Structure formats: C-alpha cells, structure tokens
Amino acid sequence: MDFASDTTAPAHPSVIEAIAAVNTGSASSYGADDVTARVRNLLADTFETNDFDFWICASGTASNALALSIMCSSIGAIACHEEAHIERDERGAPEFFSGGAKLRLLPGHGAQIDETALRDALAQNNPSFVHETPLETLSLTNLTECGTAYSVDTITHYAALAKAEGLNVHLDGARLANALAHTGATPAEMSWKAGVDVLTFGLTKTGAIGCEIIILFGQMRQQFDALKARAKRSGHMPPKMRFLAAQATAMLDGGLWLELAKQANSSAKTLANLLCAQPGVSLAYPTDGNEVFAVLPPAIEAKVQQAGVKCYPWPGGSYRFVCSWATPQSDLDALRDLLAEA
Ligand SMILES: Cc1ncc(COP(=O)(O)O)c(C=O)c1O
C-alpha cells in the first residue's frame, strides 16, 4: 500500500510510447525541434491563447525557482503561504535562483493564504522604506500543499489585490490538473484569465516522467530571454528537449492529463471515505484533490505503521495519503481490510 506520493507512481504508458515515437532521426537541439513546436500548439489549445512563451524543466523545484527568478528582483520579496513548497521543500532554490529575494510568509488554513493577512501585507508594503524588503510577487499554489483547491474566484480576487499594489502573480501548478478536476474550471480560467502572470504547470505528478512547463503569459513574455538565459546558466536547458516535450504531447493531446487527474482524485475520495468510516478518524483538510490528510486514533495509527503502509506523518499531527493515476484498487481494498481489522 503505497500512498507516499504521486511521484512514486509509474509514468503513463502513453508517455513512454510518445518518447519512443520521437526516438528516431535527428532533431534540432535546445527546444528548436518539431516536438517542442507541437507542445506550443497543444498549450495554445489547452490555455485558449497564443499570448504565451514556455520552457520545459524536469523538476518542479527548477521550474518554480526559474519562474520566480524572473518575477522578483534580488532585493525584493515574494509573498507566499507559510507552508508553500517554495518555502518548505525547495532548499532555498527560489532565493538562490533570484540571487537573494526574500520569501514573506503568510498564514491561512489548509495552506490557502488568509485574505486579511494578504491585505495587511499589501497595505504595509512600502517600497520607499529602505530597511524593509518590498513585495514584488505573490505566489499561490493550486492544489495547495494541504490538498485543498483555491477557487478561480479566490485566485482572481487575490491576483487583483496583488496587482493593485504593483505585484505580479505566480501560480505553482504542480497539481493544477487535480485542482481543475475538482473545480471544473478551465486551464485558462485558473491561470491568465484569473490574473496569473507565470504558471509552473506540472505534469510529472499527473503521469509524466519529469515534465514541468513554465508558462509566461502576456506582458511577462518580455522576460522570456531572461528566463532562457537563467535556464542555461543553471543547467536547465536540456539539449535533447524533444524527449521532455514528447511527455507533454502525450499528456495534453486528447486531454489525458485531466482524465488521469480525475482518476487520482476519485481514488483519494475513496480512500478518504474508507478512513472516515472508522470511529475516531477525522480529516484535517477537505479532500479536494488527490491528497488525504487524516488524523488517526492511536489504534489505527499503530496498525497502519505495523503494516508498513506508505504515507507521511504531516506537521500538525495528521498523516498524508496521496493517490495517483496508478493507485491500484487492490491497495485501496487492502487498506479497507486493514482498517476493518483495526
Ligand atoms: C506544491 C508543489 N510544488 C512543486 C513541487 C515539485 O517539486 P519537485 O522538485 O520534487 O519536482 C511539488 C512536489 O512535491 C509540490 O508538491
């Protein structure tokens, strides 16, 4: 029973087939190939716009750090949730790639920034006060790190508040697919139409091998050359880009990525229901996507540990269980039987 992460899942067979299919003949390097050009067309369809540039990375940390490095100067600050991946899980990469930008941490339940905290931070922002690091960017995450989904309305509202104070807006979409599958919003509605300037669009957790696309919308396209220069300097300019791009074609063509996210979300709902059927189990956060955060009574906690169920103890006292497109029904059945024994 492996519920450790969606990154423990295999890649979807279509991704492997797409890579094999482009493994023939020569192709231009560094993203100048036909497969990468195809990704552009697929992204244009998916996001309903042509007003964008993009770059493909192999990891979410690289894509977040590169994205933020063109959005915030080395003497500026990025407002984000205190549990954001960029704060807790990226070993200072955003600060490193930006050459010293500061993260300004904001509170809020379920890893969603509290509106009052955001308003206060924006109201206190004073770029002319030399002693304080002024906010230049707001970074949101959807799904959040607690598995909850911001609505399009909230993203739109927060982006408008940030933009009114001259900030630009980043969205960490490592699990964007799961948030879309939950809310029913379109990719366009949850990104540029909501005021997102730069999206890090994750496909790895959804079913790719390693494919995280930085998408610069509208005005932010002016930074595309700077992004590529930073990608090169930091070693994120893969020469054989066609193989990364092939993953995106497999995922985006025909909407496979959303189908896989729906599957993962549905498995997580089943898992949450199994857990909640047990006396004493409660959810720390609503299961909006493919992650379940459950507070377990001691008897169940012991049983889960003894059986070697792979899941993470989470700060705050819950356990995180993650489902993926490949979560087998047999894992869910085995968990059900284990809980029945407990
Ligand atoms: C919210 C979020 N952002 C980004 C990432 C990507 O990180 P990685 O560098 O492991 O691909 C993750 C992975 O766990 C994540 O949960």
Side-chain angles (χ1 to χ4, degrees), residues 2-11 15 55-69 71 78-97 103 105-106 108 110-113 137-150 155 169-182 190-191 196 198-215 231 234-236 238 244 247-248 251 257 261 264-265 268 285 287-293 310-315 318 320-325:
D2 187 351
F3 304 109
S5 177
D6 33 17
T7 49
T8 62
V15 171
W55 192 252
I56 309 178
C57 290
S59 84
T61 298
S63 62
N64 276 340
L66 276 171
L68 290 167
S69 76
M71 302 183 76
I78 299 159
C80 65
H81 193 274
E82 60 198 2
E83 292 174 50
H85 198 267
I86 58 170
E87 155 66 9
R88 285 214 176 157
D89 301 290
E90 298 191 355
R91 198 62 192 249
E95 294 93 326
F96 179 55
F97 276 46
L103 299 188
L105 309 181
L106 301 177
Q112 299 199 11
I113 295 174
T137 303
L138 169 65
S139 180
L140 303 171
T141 310
N142 218 16
L143 279 184
T144 69
E145 289 73 4
C146 291
T148 65
Y150 279 108
I155 295 177
V169 180
H170 167 250
L171 183 65
D172 175 349
R175 295 190 181 87
L176 185 77
N178 305 92
L180 293 174
H182 173 74
M190 200 171 273
S191 58
V196 171
V198 179
L199 167 69
T200 49
F201 176 35
L203 291 172
T204 310
K205 294 170 193 300
T206 324
I209 296 173
C211 183
E212 307 280 320
I213 310 176
I214 306 169
I215 308 180
S234 60
H236 291 289
L244 273 82
Q247 302 176 62
M251 294 297 276
W257 65 296
N265 285 9
Y285 312 107
T287 304
D288 288 347
N290 63 326
E291 298 172 294
V292 180
F293 292 81
K310 289 185 180 151
C311 57
Y312 273 113
W314 209 251
S318 62
R320 186 189 79 163
F321 300 76
V322 188
C323 292
S324 75
W325 71 273

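Numbering of ligands and ligand atoms starts at 1, following listing order. Below, each value reflects all heavy atoms present in this structure, side chains not excepted, and no hydrogens, waters or symmetry copies. Only a predicted model underlies this, so the values are computations on that prediction, with no experimental measurement involved.
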Chemist: Kindly indicate whether the side chain of Lys310, heavy atoms from C-beta on, has any atom under 4.5 Å from the side chain of Thr8.
Modeler: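 The answer is no; the side chains never approach within 4.5 Å.
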Chemist: With no hydrogens and no angle check, just 3.5 Å: does a side-chain donor-acceptor pair link Ser5 and Thr7?
Modeler: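 Yes, Thr7 and Ser5 have a side-chain donor paired with an acceptor closer than 3.5 Å.
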Chemist: Output yes when the distance from some N or O of ligand 1 to some N or O of Leu143 is under 3.5 Å, and no in every other case.
Modeler: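 Checking ligand 1 against Leu143, no N or O pair falls under 3.5 Å apart.
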Chemist: Return yes if some donor-acceptor pair links the side-chain N/O of His182 with the main-chain N/O of Asn265 below 3.5 Å, else return no.
Modeler: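 No.
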Chemist: Backbone or side chain, does any N or O of Arg175 fall under 3.5 Å from an N or O of ligand 1?
Modeler: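 N/O-N/O distance below 3.5 Å exists for this pair.
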Chemist: Which heavy atom of the protein is the closest neighbour of atom 3 (N) of ligand 1, given with residue, atom name and distance?
Modeler: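 Going atom by atom, the protein heavy atom closest to atom 3 (N) of ligand 1 ends up being Asp172 OD2, 2.7 Å.
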Chemist: Looking at ligand 1, would Thr204 count as a contact under a 4.0 Å heavy-atom criterion?
Modeler: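 False for this residue.
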Chemist: I want to know if ligand 1 touches Thr141 in the polar sense, i.e. an N/O pair below 3.5 angstrom.
Modeler: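 Looking only at distances, the answer is no, because the N/O contact criterion of under 3.5 Å is not met.
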Chemist: Do Asp172 and His85 have side-chain heavy atoms sitting under 4.5 Å apart?
Modeler: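 When only atoms from C-beta onward are counted, His85 and Asp172 do touch, with a gap below 4.5 Å.
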Chemist: Give the residue and atom name of whichever protein heavy atom lies nearest to atom 9 (O) of ligand 1, and the separation in Å to one decimal.
Modeler: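 For this ligand atom, the closest protein heavy atom is Thr61 OG1, 2.5 Å.
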Chemist: How about Trp257 and Phe201: are their ring centres within less than 6.0 Å of each other?
Modeler: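 Yes, the ring centres sit under 6.0 Å apart.
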Chemist: Looking only at heavy atoms of Lys205, does any of them come nearer than 4.0 Å to an atom of ligand 1?
Modeler: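 Distance cut 4.0 Å: Lys205 passes for ligand 1.
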Chemist: Of the protein's non-hydrogen atoms, which lies at the shortest distance from atom 12 (C) of ligand 1, and what is that distance?
Modeler: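 In this structure, atom 12 (C) of ligand 1 has His85 NE2, 3.1 Å as its nearest protein heavy atom.
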Chemist: What are the atoms of ligand 1, with element, lying closer than 4.0 Å to any heavy atom of Asn64?
Modeler: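 Heavy-atom distances to Asn64 below 4.0 Å select 3 (N), 4 (C).
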Chemist: Please examine the side chains of Ile113 and Leu138, heavy atoms only from C-beta on, and report whether any two atoms are closer than 4.5 Å.
Modeler: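 Touching, per the 4.5 Å side-chain cut-off.
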Chemist: Suppose I only count heavy atoms of Glu145 and a 4.0 Å limit; which atoms of ligand 1 are within that range?
Modeler: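 Heavy-atom distances to Glu145 below 4.0 Å select 1 (C).
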Chemist: When you measure from the side chain of Arg320 to the backbone N and O of Ala4, does any donor-acceptor pair fall under 3.5 Å?
Modeler: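 Checking the backbone N and O of Ala4 against the side chain of Arg320, a donor-acceptor pair under 3.5 Å is found.
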Chemist: Give the atom numbers and elements of ligand 1 that come within less than 4.0 Å of a heavy atom of Ala174.
Modeler: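 Once the distances to Ala174 are compared, the set is 2 (C), 3 (N), 4 (C), 5 (C), 15 (C).
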Chemist: Looking only at protein heavy atoms, which one is nearest to atom 11 (O) of ligand 1, and what is the separation?
Modeler: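 Scanning the protein heavy atoms, the shortest distance from atom 11 (O) of ligand 1 goes to Gly60 N, 2.8 Å.
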Chemist: Between Ile78 and His170, is any pair of side-chain heavy atoms under 4.5 Å apart?
Modeler: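 Not in contact.
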